Amino acid sequence: MYEERPPDPDLAGRVACVWHQVSESDTTHLVVPDACVDLIWGPEGLFVAGPDTGPMPTPMAAGDTFVGIRFMPGVAGDVFGVPIPELRDRRVPLSALPGGRGLPDLQIDESGAPEPSRPERRLEAMRAAVKRRLARSDAADPAAPTIAGTLMTGRTVTEVAWDLGFSDRQLHRRTVAAFGYAPKTLQRIVRFQRALRLARAGMPLAEVAATSGYTDQSHLSHDVKRLSGVPMGRLVSPVRGPA
């Protein structure tokens, strides 16, 4: 079972959702790139899931419980005390990061942790820590949402830079700093996520490809396999797990 909810109003500008998942059987769940960064409390404790560039198979035993706070693409900023590119394609214990060790406002006491069967209490502790940290952290790049949205339209990186008033080098620097990816990689990921949403809504794949800015359905299939490791048909039905 997987469930996600909107964030509290005072987190809405930086957080996409809060979520929890309980595995009903022994399985390996496929997590695919979405340009987000998550703070997660799982069976092994608290960890940060950085922005992915490819599929991340996640082993889950029956009864395993995960709760998470998902930051919007490009807006995690310095919350975890390290540059976002250092988290790319990584799952890092919170205690191993400067944000978990040297920033008291982000610390969460795991010694008296509520039982995994009480995900709401774990989320409460995580929300409180994130609120404290956001109150003291530097703001994210205000251009990040516009960069992601414009790259999603299918225009070239150079065209997007021109539209936003940046040079190619400025766009590259700001995109890597905010998302952990170069612009072309970010473009593939946000386009893939748009296509996935449309396909899950029931749109035929040929129409999905055209609407999402792919050259054709073959181009869509190639990119989906490259980013997820599986065909689109495998992604349309499954419930999304911890990122």
Side-chain angles (χ1 to χ4, degrees), residues 2 4 15-17 19 21 28-38 40 48-58 68 70-76 84-85 87-91 140-141 143-161 163-164 171-172 174-243:
Y2 174 74
E4 63 181 49
V15 171
C17 67
W19 57 267
Q21 180 169 18
T28 298
H29 199 96
L30 181 64
V31 178
V32 298
D34 61 3
C36 295
V37 177
D38 286 49
I40 300 173
V48 177
D52 297 325
T53 59
M56 283 284 187
T58 304
R70 178 168 302 134
F71 287 82
M72 293 176 175
V75 302
I84 295 300
L87 298 173
R88 185 175 53 238
D89 292 322
R90 298 180 65 195
R91 304 293 184 263
D141 185 343
T146 303
I147 290 172
T150 311
L151 285 170
M152 193 186 298
T153 63
R155 296 170 65 79
T156 68
V157 169
T158 297
E159 288 171 339
V160 168
D163 289 345
L164 298 180
L171 178 63
H172 184 277
R174 295 180 76 149
T175 303
V176 170
F179 300 90
Y181 310 128
K184 283 188 176 296
T185 300
L186 176 62
Q187 185 174 55
R188 282 196 295 269
I189 290 169
V190 295
R191 183 174 57 189
F192 159 70
Q193 280 292 327
R194 183 185 186 192
L196 185 54
R197 288 192 295 271
L198 294 174
R200 285 177 170 169
M203 183 179 287
L205 291 186
E207 190 176 347
V208 168
T211 303
S212 303
Y214 292 92
T215 305
D216 51 29
Q217 190 171 335
S218 176
H219 183 199
L220 167 66
S221 298
H222 178 270
D223 247 26
V224 169
K225 189 69 178 292
R226 177 180 182 181
L227 290 169
S228 71
V230 298
M232 178 66 91
R234 287 275 303 278
L235 299 173
V236 169
S237 298
V239 175
R240 181 172 181 235

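This one's a predicted model, so the numbers in the text were calculated from it and none came from an experiment.
- Using a 4.5 Å heavy-atom cutoff, the side chains of Val32 and Val224 are not in contact.
- Atoms CD and OG, on Glu207 and Ser212 in that order, are 9.5 Å from each other to the nearest 0.5 Å.
- The ring-ring contact (aromatic ring centres under 6.0 Å, His included) check on Phe71 picks up Phe80, with sequence neighbours excluded.
- Met56 contributes atom CE, which lies 4.5 Å from atom CZ of Arg91 (distance to the nearest 0.5 angstrom).
- For the atom pair CG of Leu186 and CZ of Arg191, the computed distance is 11.0 Å after rounding to the nearest 0.5 Å.
- The side-chain heavy atoms of Arg194 and Val208, taken from C-beta on, include no pair separated by under 4.5 Å.
- A donor-acceptor pair under 3.5 Å links the side-chain atoms of Asp89 to the main chain of Thr53, judged by distance alone.
- Taking CG of Asp141 as the start and OG1 of Thr146 as the end, the distance is 9.0 Å to the nearest 0.5 Å.
- Arg234 places no side-chain N or O within donor-acceptor distance of the main-chain N or O of Gly229, the cut-off being under 3.5 Å.
- Without hydrogens or angle criteria, Thr175 side chain to His172 main chain gives no donor-acceptor distance under 3.5 Å.
- The two atoms that bring Ala148 and Val190 nearest to each other are O-CG2, 4.0 Å, heavy atoms only.
- Taking each heavy atom of Ala144 and Gly74 in turn, the nearest pair found is CB-O, 3.5 Å.
- Contact check for Pro51 versus Leu87: side-chain heavy atoms found under the 4.5 Å cut-off.
- At distances below 3.5 Å, at least one donor-acceptor pair connects side-chain atoms of Arg88 with backbone N or O atoms of Gly180.
- Closest approach of Ala35 to Ile189, counting heavy atoms only: N-CG2, 3.8 Å.
- Put simply, the side chain of Gln187 gets close to the backbone of Arg155: a donor and an acceptor are under 3.5 Å apart.
- Across every non-hydrogen atom of Pro55 and Pro33, the tightest pair is N-CD, 4.4 Å.
- Counting all heavy atoms, side chain and backbone alike, Lys225 lies closest to Pro231 at CD-N, 4.2 Å.
- Among Ile84, Ile147, Val75, the single residue meeting the side-chain contact (heavy atoms from CB on, under 4.5 Å) criterion with Phe179 is Ile147.
- Using cut-offs of 30° and 60° for the angle between ring planes, the Tyr2 and Trp19 rings count as tilted.
- Interatomic distance, NE2 of His222 versus CG of Asp216, reported as 11.5 Å (0.5 Å rounding).
- Thr158 pairs by the side chain to side chain contact (heavy atoms under 4.5 Å, CB included) definition with Thr156, Asp168, not counting sequence neighbours.
- Judged by distance alone, with hydrogens and angles left aside, the side-chain atoms of Tyr214 form no donor-acceptor pair with the main-chain N or O of Ala206 at under 3.5 Å.
- Note that CG of Leu227 and CZ of Arg188 are 7.0 Å apart. Values are rounded to the nearest 0.5 Å.
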